[in-house]
K.L.:
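One structure is given below, represented as structure tokens, and several questions about it will come after.
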Amino acid sequence: RWIRHFPRAPAMIERILGIILPVFLVILVGYFFARRVKPDMAMVNRISMTILAPALIFSALASKDFDVGALVPSPVDGALSAVEVDAEKPMLHFFDSKAARGQAAIDKAFPDTTNRIVSFDGDARYAIVLTSGDTNPPDYYCYDREQRRMDFLLTANPGVDRTRLAPMKPVRYTARDGLPISGYLTVPRGAVAKNLPVIVIVHDGPSDRVRWGWDPVVQFLASRGFAV
């Protein structure tokens, strides 16, 4: 009877059990293992708190509006520093406050691009920062993390005229069956998004997705008059 009043209740209960039961089983196995073997749990606890627990939280919170991406380790001790989140634009969710402050300083210097540290030196003082965006081909900088100084190194596409690039805008539309679908729309720079020839680029596979950012194929098609 109560199901008639709450038709989504079974699905909700199933989702809750799908989250709780794996956690309960892991705790149960760990409890009996610890009672039998009595191991040194310091390393196990560190791995659980820095990797497994955050990953489990993000898996539970993952929704149709964003996807959880790669884990970002610390360059110093390898502990989990952040997790990539694919929303309308790429994001980072930090578990390390110091790393979060460093990323905030980089993002403040480059507010309109996706900025990622892609390499460190042995002491983790100097880093290579990659910045890119929908109208910004990849640029590389050397970042002094102590002095907060950024020196330009090179650009991946020096021949591209950035003034002719078209922005990639997040869009949302409804399919014929009522399912909301997220996507990105790029129209020729300066053109009105109406009565244009359209090319639809479908992402690979059921588990992949299109991401906001630099896409030379999209920019080429847009420069030829297509909405993409």
Side-chain angles (χ1 to χ4, degrees), residues 66-67 69-76 81-94 99-171 182-193 196-205 208-228:
F66 67 85
D67 298 305
L71 303 180
V72 182
S74 165
V76 178
S81 175
V83 173
E84 289 272 2
V85 178
D86 287 321
E88 284 190 345
K89 294 185 178 181
M91 301 164 49
L92 285 170
H93 180 89
F94 282 92
R101 291 193 298 271
Q103 182 67 39
I106 296 173
D107 291 340
K108 184 177 180 180
F110 304 101
D112 299 320
T113 54
T114 299
N115 313 303
R116 296 290 182 267
I117 294 178
V118 295
S119 180
F120 292 91
D121 70 339
D123 298 325
R125 172 177 175 175
Y126 295 97
I128 302 300
V129 174
L130 166 63
T131 71
S132 66
D134 54 347
T135 59
N136 194 112
D139 293 328
Y140 293 86
Y141 293 82
C142 180
Y143 179 42
D144 185 333
R145 301 176 72 203
E146 291 185 5
Q147 301 296 324
R148 298 288 177 92
R149 174 179 172 179
M150 196 85 68
D151 295 315
F152 177 76
L153 295 176
L154 59 96
T155 183
N157 302 95
V160 172
D161 182 358
R162 302 188 182 199
T163 64
R164 301 178 62 183
L165 299 178
M168 176 187 288
K169 298 181 179 180
V171 295
S182 297
Y184 297 94
L185 175 65
T186 303
V187 300
R189 189 175 184 88
V192 178
L196 293 172
V198 176
I199 294 179
V200 178
I201 299 178
V202 182
H203 65 76
D204 298 331
D208 203 356
R209 58 166 289 159
V210 176
R211 294 170 178 83
W212 180 91
W214 170 246
D215 190 323
V217 174
V218 169
Q219 292 297 331
F220 171 77
L221 295 173
S223 71
R224 296 303 185 267
F226 293 96
V228 185

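Predicted model only: the values in this text are computed from it and were never measured. In this chain, numbering begins with 1 at the start of the sequence shown.
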K.L.:
Measuring only between side-chain heavy atoms, which start at C-beta, is R116 closer than 4.5 Å to V72?
P.N.:
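They are not in contact (no side-chain heavy atoms under 4.5 Å apart), so the answer is no.
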K.L.:
Count the heavy atoms of every other residue, nucleotide or ligand shown that sit under 6.0 Å from CZ of R125, and state whether that count exceeds 12.
P.N.:
yes
K.L.:
How long is the straight-line distance from OG of S223 back to CG of D161, given to the nearest 0.5 Å?
P.N.:
11.0 Å
K.L.:
Between OG1 of T113 and CG of D107, what distance do you get to the nearest 0.5 Å?
P.N.:
7.5 Å
K.L.:
So M91 and E84, do their side chains get closer than 4.5 Å, heavy atoms only?
P.N.:
no
K.L.:
When you compare the side chain of V218 with that of I201, does any pair of heavy atoms fall below 4.5 Å?
P.N.:
yes
K.L.:
Would you check if F94 and Q103 make a side-chain contact, meaning some heavy-atom pair closer than 4.5 Å?
P.N.:
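Result yes, sub-4.5 Å side-chain heavy-atom pair found.
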K.L.:
Quick check: closest heavy atoms across Y184 and A87, and the distance to 0.1 Å?
P.N.:
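Looking at all heavy atoms of both residues, the shortest contact is OH-O, 3.5 Å.
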K.L.:
Test N136 against D112 for side-chain contact (heavy atoms from CB on, under 4.5 Å), laying out the working first.
P.N.:
CA-CA 9 Å; N136 194 112; D112 299 320; over 6 Å; no
K.L.:
Do the side chains of L196 and P188 get nearer than 4.5 Å, heavy atoms only?
P.N.:
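Result yes, sub-4.5 Å side-chain heavy-atom pair found.
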K.L.:
Can you tell me how the ring of Y141 sits relative to the ring of F110, calling it parallel under 30°, perpendicular over 60° and tilted otherwise?
P.N.:
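The rings of Y141 and F110 sit tilted, inter-plane angle from 30° to 60°.
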K.L.:
Kindly determine whether D139 and R162 satisfy salt bridge (charged side-chain N to carboxylate O under 4.0 Å, His left out), including the steps that lead there.
P.N.:
CA-CA 12 Å; D139 293 328; R162 302 188 182 199; 2.8 Å; yes
K.L.:
Show the nearest heavy-atom pair for residues H203 and V210, with the distance to one decimal.
P.N.:
CB-CG2, 3.6 Å
K.L.:
As a quick check of understanding, evaluate side-chain contact (heavy atoms from CB on, under 4.5 Å) for Y143 and I128, giving each step before the final call.
P.N.:
CA-CA 6 Å; Y143 179 42; I128 302 300; over 6 Å; no
K.L.:
Nearest 0.5 Å, what's the CG-CZ distance between L221 and F226?
P.N.:
7.0 Å
K.L.:
Counting C-beta onward and ignoring hydrogens, is there a side-chain heavy-atom pair between V129 and V118 closer than 4.5 Å?
P.N.:
no
K.L.:
Would you indicate whether R149, at its atom CZ, is surrounded by more than 12 heavy atoms from other residues, nucleotides or ligands within a distance under 6.0 Å?
P.N.:
no
K.L.:
Nearest 0.5 Å please: distance from the CE atom of M168 over to the OG1 atom of T135.
P.N.:
10.5 Å
K.L.:
Looking at every heavy atom in both P137 and N157, which two are closest together, and how far apart are they?
P.N.:
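Residues P137 and N157, closest heavy atoms: CB-OD1, 3.6 Å.
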K.L.:
So, taking the atom named CG in D134 and the one named NZ in K89, what distance separates them when rounded to the nearest 0.5 Å?
P.N.:
6.5 Å
K.L.:
Is it the case that the side chain of D144 and the backbone of Y126 share a donor-acceptor pair, with hydrogens and angles ignored and the cut-off at 3.5 Å?
P.N.:
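No.
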K.L.:
To check you understand the geometry: which heavy-atom pair defines the closest contact between W214 and S132, and what is its length?
P.N.:
CB-CB, 4.4 Å
K.L.:
So which heavy atom on G133 is nearest to which on W212, and how close?
P.N.:
CA-CH2, 3.9 Å
K.L.:
Would you say the side chain of L185 lies within less than 4.5 Å of the side chain of V228, judging by non-hydrogen atoms?
P.N.:
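A side-chain contact is absent here, since even the closest heavy-atom pair is not under 4.5 Å.
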K.L.:
Measuring only between side-chain heavy atoms, which start at C-beta, is V198 closer than 4.5 Å to V200?
P.N.:
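Yes; the side chains approach each other to less than 4.5 Å.
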K.L.:
With rounding to the nearest 0.5 angstrom, report the CZ to CG distance, R145 to D123.
P.N.:
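If I round to the nearest 0.5 Å, the distance is 11.0 Å.
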K.L.:
Determine the minimum heavy-atom distance between A166 and V187, stating which atoms define it.
P.N.:
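Distance-wise, the nearest heavy atoms are CB-O, 3.1 Å.
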